2 protein chains.
Amino acid sequence: MHEELKLDNQICFRLYSASRLITQAYTPMLTELGITYPQYLVLMVLWEKDNQPVNDIAHRLILETNTVTPLIHRMEKLGLISLRQGDKDKRQHIVSLTQTGKAMEEKAFELIPPGMGGRLAACPLQLEDYQRLAQELDSIINTLKK
Amino acid sequence: MHEELKLDNQICFRLYSASRLITQAYTPMLTELGITYPQYLVLMVLWEKDNQPVNDIAHRLILETNTVTPLIHRMEKLGLISLRQGDKDKRQHIVSLTQTGKAMEEKAFELIPPGMGGRLAACPLQLEDYQRLAQELDSIINTLKK
DNA sequence: AAAAATTATATCGCAAACGATTTAATTGAT
DNA sequence: ATCAATTAAATCGTTTGCGATATAATTTTT
């Protein structure tokens with residue numbers, strides 16, 4: 001039995017598990033909003049800066065367009081965003097928030113930070129632990145994204 | 001614009017991105033072995049302890065059986081594992097490694113630790129950083145898993 | 001300016017995740 | 001012992017994630 005191949009020694013498995021569990025913790029609030037976690041990510045990108053081409057959203061989320069395109073189209077059907085062709089570059093599809101999409105920011109603000117705070121209240125990590133964790137994760141992300 | 005809803009302030013987005021990127025870093029080696037990352041996780045569980053029911057594997061990986069069952073069946077088709085009914089509890093399906101599945105441990109040992117070491121060599125984190133990271137992730141995982 | 005290379009998005013197919021439900025076997029309660 | 005509750009797997013449907021490929025528009029080369 002090689003130590004390197006034990007599940008308990010895998011940082012990757014921890015990231016995978018923590019990521020899934022924390023996404024699951026978001027789910028009750030997101031269900032109340034009628035969206036999924038990746039859809040919430042797209043909304044956060046657009047709340048910060050509206051009217052972005054698919055590619056910029058994908059780049060910001062470190063995803064490929066073959067993931068983002070269908071996601072965007074589902075969100076269009078939900079009435080959260082609208083699409084129009086770019087006028088400078090006709091290949092681009094510019095994604096914009098609808099009124100519904102914009103209005104969701106306030107609802108998310110009321111639901112999600114308190115909801116997640118409650119969910120993580122039992123976690124022994126302090127503010128500075130989360131800050132260091134964020135830095136460590138950024139190191140990994142920056143090393144691995146090409 | 002609420003600070004709490006900025007992408008850059010989300011620990012969850014960092015976990016999601018780091019998890020996907022590190023899984024992607026495994027992919028070239030796993031492709032050489034002919035398996036996926038979740039299949040590799042199942043193999044690690046079985047390399048540590050062979051002949052486990054589906055439920056125990058799911059529990060170890062913090063997954064539901066509706067994820068693990070199809071995964072197991074794909075691995076059976078690949079010839080990595082075999083399934084038999086439990087003799088004590090006939091509801092259980094016991095998962096066992098085949099010779100191919102057992103033999104893959106050595107190949108994985110030769111490919112994956114050096115491959116991932118190379119991929120993360122440019123990452124500024126030190127051994128103690130990874131150890132602390134592991135602890136912090138364990139805190140989150142233990143808080144959120146019911 | 002025409003041809004070649006690049007880029008933006010979309011399409012296709014497959015493997016995960018996961019909520020919800022189903023089936024069969026086991027355990028617990030009366 | 002019988003009936004109800006629980007448990008182990010499986011099935012179904014939807015959304016992601018991603019490799020591979022396709023299409024159309026733009027940029028670069030020649």
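No experiment lies behind these values; they were computed from the predicted model shown. Here is how names work: the chains are called A, B, and so on, in the same order as the sequence lines, proteins then strands, and each is numbered from 1.
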Quick one: A/Lys90 NZ to D/dA24 C1', roughly how many Å, whole number?
12 Å
Using a cut-off of less than 4.0 Å, is there contact between a side-chain N or O of A/Tyr16 and OP1 or OP2 of C/dA16?
no
Which residues in residues 27-65 of chain A have at least one heavy atom lying under 4.0 Å from any atom of DNA chain C?
A/Pro53, A/Val54, A/Asn55, A/Thr65
Atom-pair distance (CZ on A/Arg20; P on D/dG17), nearest Å
13 Å
Hey, can you pull the residues of residues 66-82 of chain B with a non-hydrogen atom under 4.0 angstrom from DNA chain C?
B/Asn66, B/Thr67, B/Leu71, B/Arg74
From A/His93 NE2 over to A/Thr65 OG1, what is the distance, rounded to the nearest 0.5 angstrom?
11.5 Å
Cut-off 3.5 Å, side chains only: do A/Asn55 and A/Gln92 have a donor facing an acceptor?
no
Please determine whether salt bridge (Lys or Arg N to Asp or Glu O under 4.0 Å) holds for the pair B/Glu110 and B/Lys107, giving the CA-CA distance in whole Å, both sets of side-chain angles, and the decisive distance to 0.1 Å.
CA-CA 5 Å; B/Glu110 287 161 17; B/Lys107 293 184 210 165; over 6 Å; no
Report the distance from atom OH of B/Tyr26 to atom C1' of D/dG17, rounded to the nearest whole Å.
19 Å
Under 30°, 30 to 60°, or over 60°: which ring-plane class applies to A/His2 and B/Phe109, parallel, tilted or perpendicular?
parallel
On DNA chain D, compare the nucleotides closest to A/Asp87 and B/Leu21; which residue's is nearer the 5' end?
B/Leu21
What is the minimum heavy-atom distance between A/Val45 and B/Leu7, and which atoms define it?
CG2-CD2, 3.9 Å
For atom CG of B/Asp89 and atom P of D/dT6, their distance in whole Å:
17 Å
For B/Glu64, does the CD atom sit with more than 12 other heavy atoms under 6.0 Å from it, leaving out its own atoms?
no
To the nearest 0.5 angstrom, please state how far the CD1 atom of B/Ile140 sits from the CZ atom of A/Arg119.
12.5 Å
Between A/His93 and C/dA10, is there a side-chain N or O to OP1/OP2 distance below 4.0 Å?
yes
In whole angstroms, the gap separating P of C/dT7 from CD of A/Gln85 amounts to 20 Å
Check whether the side chain of B/Arg91 and the base of C/dT26 form a donor-acceptor pair under 3.5 Å.
no
Side-chain H-bond candidate by donor/acceptor type, B/Tyr26 with A/Gln10, under 3.5 Å
yes
Could you check whether B/Asp50 and B/Ser96, counting side-chain N and O atoms only, form a donor-acceptor pair closer than 3.5 Å?
no
Can you tell me if the side-chain N/O atoms of A/Gln24 get under 4.0 Å from OP1 or OP2 in C/dC18?
yes
